[in-house]
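Numbering of ligands and ligand atoms starts at 1, following listing order.
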Amino acid sequence: MRIAIIGGDGTGPEVAAEGLKVLEAVAEKVGFRYETKEFNLSGDRYLQAGGDPKVPSIPVIHDSEIQELRTFDAIYLGAVGHPDIAPGILEKGLLLKLRFTLDQYINLRPVKLYPGVWTPLKDKGSDDIDFVVVRENTEGIYTGMGGVQYKDTPQEVSTQINCTTRFGAERAIRYAFEFCRRRNSRKRMVTLVHKTNVLTYAGDTWFRAFNEIGEKEYPDIKRDYNHVDACCMWFVKNPEHYDVLVTDNIFGDIITDLAAIIQGGLGVAAGGNLNPKGVSMYEPMGGSAPKYTGKNVINPIAAIAAMAMLLRETGSHSNDAQLTEAGNRVEAAIMAVTPMMKSQAAGQMGYSTTQVGDLVVRAVRQS
Ligand code: IPM
Ligand code: MN
């Protein structure tokens, strides 16, 4: 297996290093080989190369670099984000660019409250918070379609088009049903999240695709539907209701931040940008956290969980049982370590970044 590493900005390289430590340990344990190559891609590099911090002026990533990334089995990302660079430049120039050009059409966000991790939800525990959000990752209002007219006049008009295709909805929906089968939990249920009562065109495309595909191809799986606003309420009141959810790009963006906080926050939440037949990219959900950079206090659990996902999903996309096993072992090791930590917040873990990584490595070795 060949993995491209993008440490990125701020604390990104620190947490990625812990994930790589765990990878080394689990590869030894399970007995597979891998290679890594580091890519210098970051807000820092953009500025050093003369990029304008206010407007996009040079590429954040070059086409030749994207071509090279295509040759890897997976991409492992620390964090990209720079306090001096205007919002949108790095997001569009790197993250969204990679999602779109590598056609990473699924954003997979497991939401699991690990043992011993504090949740702001009163009376809810690890048995209650364990679901997966499948977010469509290449369409909706993220495509950048639309524009602005009469800018800086009182008549200014802007549109941002919610580009929804049957093709895009279908492939996300099928992925969710397949994932639900593979997960095989007691609930065996996929919940579609949209806003069909107001988005009567785009919502209807999703709704019909969901029910037609579910009925014909996945009769063994229960179908459920929530409006997105109601879903936010249920995440807080009854998170135990959920098994697998599928939703469009912007709704998925929003509900997965709510989901991240109920699973213990950005220190633990990991995500994957997946193209099951191409190159997928895995990352901790937290940002580059400039104020914690270089202090050895940031929580590496999310980055290690992203590594577990990388192993498990690469294993499942390529039918490699060893990699899947490695991913499961890393997740089990995380679950052995979280109860030992005082908190999942940066600087309050009771351990440093590297010590938490060492604890997970030890748990992998002992597994
Ligand atoms: C995420 C992030 C991105 C998104 C940003 C950084 C463009 O919030 O991965 O959820 O909106 O998709
Ligand atoms: Mn987001």
Side-chain angles (χ1 to χ4, degrees), residues 6-12 15-16 41-44 46 53 55-56 59-61 66 74-111 131-146 160-164 168 172 175 193-194 228 231-232 235 245-275 279-290 302-303 305-307 309-310 313:
I6 305 175
D9 293 302
T11 52
V15 294
L41 293 166
S42 62
D44 272 331
Y46 173 82
V55 285
V60 184
I61 180 167
I66 298 186
I75 304 169
Y76 185 57
L77 173 73
V80 172
H82 200 290
D84 302 336
I85 301 179
I89 298 182
L90 296 174
E91 290 85 344
K92 282 192 182 166
L94 187 77
L95 189 58
L96 298 179
K97 175 121 187 176
L98 284 174
R99 286 179 183 171
F100 293 159
T101 43
L102 299 178
D103 199 23
Q104 294 166 336
Y105 61 89
I106 298 296
N107 193 306
L108 190 65
R109 282 276 296 102
V111 181
F131 57 87
V132 176
V133 179
V134 174
R135 161 185 172 191
E136 199 291 321
N137 210 30
T138 52
E139 298 194 342
I141 58 179
Y142 274 74
T143 59
M145 291 167 78
Q160 198 93 45
I161 293 173
N162 180 2
C163 168
T164 299
Y175 188 91
V193 174
H194 211 288
V228 61
C231 173
C232 291
F235 270 12
L245 299 92
V246 63
T247 190
D248 92 336
N249 207 342
I250 188 70
F251 295 147
D253 177 48
I254 296 166
I255 67 172
T256 56
D257 265 25
L258 177 55
I261 205 68
I262 69 173
Q263 77 179 122
L266 293 177
V268 289
N273 300 276
L274 313 184
N275 177 342
V279 189
S280 302
M281 177 165 76
Y282 302 84
E283 54 174 332
M285 299 305 292
S288 56
M307 181 56 79
M309 245 181 121
L310 182 155
E313 296 311 310

Report the residues that fulfil salt bridge (Lys or Arg N to Asp or Glu O under 4.0 Å) with [X], sequence neighbours left out, ordered by chain and then residue number.
X      : value
Glu313 : Arg182
Asp44  : none
Asp103 : Arg171

Look only at the side chain of [X] and the backbone of [Y], and say whether a donor-acceptor pair between them is shorter than 3.5 Å.
X      : Y      : value
Glu91  : Gly93  : no
Asn249 : Glu139 : yes
Arg109 : Ala270 : yes

What is the name of the N/O/S atom of Asp253 that is nearest to the Mn ion (ligand 2)?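 Of the nitrogen, oxygen and sulfur atoms in Asp253, the Mn ion (ligand 2) lies nearest to OD1.
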
Do the ring planes of His194 and Phe251 sit parallel (below 30°), tilted (30 to 60°) or perpendicular (above 60°)?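 It falls in the perpendicular class, over 60°.
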
Please find out if the Mn ion (ligand 2) and some N, O or S atom of Asp257 are separated by less than 2.8 Å.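 Checking the Mn ion (ligand 2) against Asp257, no N, O or S atom falls under 2.8 Å.
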
Measure from every N or O atom of ligand 1 to the protein's N or O atoms and keep only the pairs below 3.5 Å, writing each with atom names and distance to 0.1 Å.
| residue | atom | partner | partner atom | Å |
| --- | --- | --- | --- | --- |
| ligand 1 | 8 (O) | Asp253 | OD1 | 3.3 |
| ligand 1 | 9 (O) | Arg99 | NH2 | 2.7 |
| ligand 1 | 10 (O) | Arg135 | NH1 | 3.2 |
| ligand 1 | 10 (O) | Asp253 | OD1 | 2.9 |
| ligand 1 | 11 (O) | Tyr142 | OH | 2.6 |
| ligand 1 | 11 (O) | Asp253 | OD1 | 3.4 |
| ligand 1 | 12 (O) | Arg99 | NH1 | 2.8 |
| ligand 1 | 12 (O) | Arg135 | NH1 | 3.4 |
| ligand 1 | 12 (O) | Arg135 | NH2 | 2.8 |

